Amino acid sequence: MKYSQLFTKTSKTVPSDETARNAQLLIQAGFVHKEMAGVYAYLPLGLKVLEHIKNIVREEMNAVNGQELIMTNLQRPDVWQTTTRWDDEIVDIWFKTKLKDDTEIGLAWSHEEPILNMMQQFVQSYKDLPVSVYQFQTKLRNELRAKSGIMRGREFLMKDMYSLHASAEDLDNYYNQVKDAYTRVFERVGIGSDTFLTFASGGAFTKFSHEFQTICAAGEDILYIHRGKNIAVNEEVLDDAVQELGVDKSELEKVVSAEVGNIFNFGTDKSAQMGIYFTNAEGHQSPLYLGSYGIGITRIMGVIAEKYSDDKGLVWPESIAPARVYLARLGDTDEIVQAADQLYAELTAANIGVLYDDRDVRPGEKFADADLLGIPMRVVISEKTISSNNYECKRRRESEVSFLNHQQLIETLSVMS
RNA sequence: CGGGGUGUGGCGCAGUUGGCUAGCGCGCCGCGUUUGGGACGCGGAGGUCGGAGGUUCAAGUCCUCUCACCCCGACCA
């Protein structure tokens with residue numbers, strides 16, 4: 001991507017109507033646009049980050065045999081009525097509207113019921129099991145109050161997956177596979193060391209569920225963690241959980257965190273409630289065992305923006321950065337332009353994401369933008385680097401520059417994941 | 001939903017006790033000088049002050065209603 005062709009601009013000032021650091025930075029750097037409270041548009045650079053996160057999640061979901069699909073955002077009331085969740089008293093975040101003929105419909109805040117209802121059409125026998133489906137979908141939730149920038153909006157992107165099984169053992173086994181897949185996801189997007197598998201409230205169906213919580217000051221949850229034993233407990237179930245885990249409350253560290261993922265083992269409760277059965281090997285009707293697994297895609301982006309930034313701007317992990325390289329061309333002599341164009345073409349051909357700052361602006365502005373945008377590696381091509389026949393490289397996380405020749409540069413960029 | 005706060009060019013802000021053609025910085029356009037950490041000079045364009053109603057000779061400044069945004073709380077699979 002050439003910067004000169006990018007329509008977004010960075011700003012020297014932060015928006016006055018945001019206090020959440022993630023939103024301030026993302027807007028200042030031109031990654032997102034705020035449409036209204038809790039509703040954000042994702043601009044080219046922000047979309048790149050989102051796509052990179054999605055691709056990591058997609059790879060891991062595919063690795064546990066998840067099949068990707070896309071459900072609808074307009075939903076039928078009757079599907080939700082079977083579980084009582086159409087009721088505004090039960091679910092208070094519904095957006096509801098009507099068709100021209102007055103038929104009432106809901107806007108998707110979740111897809112659990114519709115997706116199970118649909119799966120019923122295809123899954124009738126134990127021979128059809130197990131099966132696991134997932135999607136990346138926009139969720140619409142009429143929250144009383146939006147806050148924390150993109151971390152808690154009224155419209156957000158989520159990956160949700162549902163697995164159907166013939167037995168509790170099979171579900172348990174799969175549940176653990178997904179747990180591991182989730183752990184890999186959070187490692188790969190760069191928040192592994194601060195993300196904990198957490199005991200949390202299981203809602204109506206199970207005593208505990210597992211949440212993936214990332215330490216983040218802008219989060220909404222309180223966690224009690226033990227780094228050594230790798231234990232984390234949500235405050236809401238603290239007393240029950242410590243008892244069950246056999247640890248003492250006093251050895252736990254209290255931290256503020258944001259929920260980035262959640263996995264549920266529903267057993268057969270949900271499908272029994274919805275009346276969804278399969279025919280088992282004995283020829284009898286049997287309720288499905290069901291698992292549900294969510295990851296907040298836009299929330300991960302917000303958490304990372306929030307956690308990894310400094311006074312100069314964003315600092316993206318390499319795996320999800322909008323580009324791996326910020327190529328700053330200083331000067332516009334033929335030699336310089338040619339060298340920069342050439343490196344840009346070469347890296348692009350090698351599938352290494354580059355934001356090529358080919359603008360006719362002063363060096364200071366390019367450096368400031370490179371920092372603000374948080375691209376992991378800055379490569380400068382200037383008169384100096386041409387005469388010394390190397391590239392000036394600086395990692396976003398570090399302050400020292402290093403000089404690499406062509407081969408060293410390519411090698412360095414290749415090992416960056 | 002309760003409490004508090006804020007709405008003035010694209011962005012960030014200032015506008016005294018109401019008073020004449022509504023300012024400043026950034027950004028934007030033109031010309032010139034610059035070119036390794038967001039340059040400088042000169043010349044420009046752009047707002048009717050969130051919206052509606054009212055008080056007044058006169059309203060960005062006062063009153064009423066309304067909309068939006070932010071924060072705290074409540075809420076939050």
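We name chains A, B, ... by the order of the sequence lines, and we start the count at 1 in each one. Computed from heavy atoms alone, side chains included, the values below leave out hydrogens, waters and symmetry copies. The structure presented is a predicted model; accordingly, all values stated were derived computationally and were not measured.
- If you take CG of A:Asp360 and P of B:G32, they are 13 Å apart, rounded to a whole angstrom.
- The separation of B:G18 from B:G10, taken at their C1' atoms, amounts to 30 Å, rounded to a whole angstrom.
- Atom pair A:Lys366:NZ and B:A39:P shows a separation of 13 Å (rounding to whole Å applied).
- A close approach under 4.0 Å does occur between a side-chain nitrogen or oxygen of A:Lys12 and OP1 or OP2 of B:G27.
- Taking only side-chain atoms of A:Ala37, from C-beta outward, the nucleotide of B:C70, B:C75, B:C72 with the closest atom is B:C70.
- Contact annotation: A:Ser11 side-chain N/O to B:C11 OP1/OP2 distance is not under 4.0 Å.
- Between A:Trp80 and A:Trp109, the ring-plane angle classifies as tilted under the 30° and 60° cut-offs.
- Among the heavy atoms of the strands, none lies under 4.0 Å from A:Glu18.
- Between B:G12 and A:Ser16, a contact under 4.0 Å exists linking OP1 or OP2 to a side-chain N or O.
- Remark: the separation of the C1' atoms in B:A14 and B:G25 is 11 Å, to the nearest Å.
- B:C40 sits 16 Å from B:U34 when the P atoms are compared, rounded to a whole Å.
- One can place CD of A:Gln28 at 11 Å from C1' of B:G12, the figure rounded to the nearest angstrom.
- Residue contacts for A:Thr10: at a heavy-atom cut-off of 4.0 Å it reaches a base atom on one of the strands shown.
- Taking atom C1' on both B:C69 and B:C31, the two are 41 Å apart, rounded to the nearest angstrom.
- Considering only side-chain atoms of A:Glu392, the nucleotide from B:C1, B:G36, B:C69 that sits closest is B:G36.
- Both A:Asn262 and A:Gly149 lie near RNA chain B, and the one whose nearest nucleotide falls closer to the 5' end is A:Gly149.
- Comparing the C1' positions of B:G23 and B:U66 gives an interatomic distance of 29 Å, to the nearest angstrom.
- Using C1' as the reference atom, B:G3 and B:A74 are 11 Å apart when rounded to the nearest Å.
- With B:C76, B:C11, B:C69 as the choices, the nucleotide that has an atom nearest any side-chain atom of A:Arg152 turns out to be B:C76.
- One N or O donor and one acceptor, one from the side chain of A:Asp369 and one from the base of B:G38, sit under 3.5 Å apart.
- Distance A:Arg359 CZ to B:G38 P: 14 Å, rounded to the nearest Å.
- The one candidate from A:Thr82, A:Thr83, A:Thr268 that meets the side-chain contact (heavy atoms from CB on, under 4.5 Å) condition with A:Gln273 is A:Thr83.
- Under the salt bridge (charged side-chain N to carboxylate O under 4.0 Å, His left out) criterion, A:Lys307 pairs with A:Asp194, not counting sequence neighbours.
- Taking 4.5 Å as the limit, some side-chain heavy atom of A:Glu112 sits within range of a side-chain heavy atom of A:Phe266.
- When each of B:G36, B:C1, B:G12 is scored by its nearest atom to the side-chain atoms of A:Phe367, the top-ranked nucleotide is B:G36.
- Between the side chains of A:Asp341 and A:Tyr356, a donor-acceptor pair is found at a separation under 3.5 Å.
- A:Asp332 comes within 4.0 angstrom of no nucleic acid atom, judged by non-hydrogen atoms across all strands.
- For A:Arg145, counting side-chain heavy atoms from C-beta on, the closest listed nucleotide (B:G38, B:C1, B:G36) is B:C1.
- Between A:Tyr391 and A:His406, the two ring planes are tilted [angle within 30° to 60°].
- At whole-Å resolution of the value, NZ in A:Lys34 and P in B:G12 are 11 Å apart.
- As judged by a 4.0 angstrom heavy-atom cut-off over every strand, A:Val361 is placed among residues making no nucleic acid contact.
- B:G5 and B:G50 have their C1' atoms separated by 16 Å, given to the nearest Å.
- Closest to the A:Pro363 side chain, of the nucleotides B:C13, B:G37, B:G36, is B:G36.
- Of the two residues near RNA chain B, A:Ala20 and A:Glu143, the one whose nearest nucleotide lies more 5' is A:Ala20.
- In terms of phosphate contacts, A:Arg362 brings a side-chain nitrogen or oxygen within less than 4.0 Å of OP1 or OP2 of B:A39.
- Contact annotation for A:Arg378: base contact, defined as any heavy-atom pair under 4.0 Å involving a base atom.
- Under the side chain to side chain donor-acceptor pair (under 3.5 Å) criterion, A:Glu59 pairs with A:Arg188, not counting sequence neighbours.
- Between B:C24 and B:G15, the distance separating the two P atoms is 15 Å to the nearest Å.
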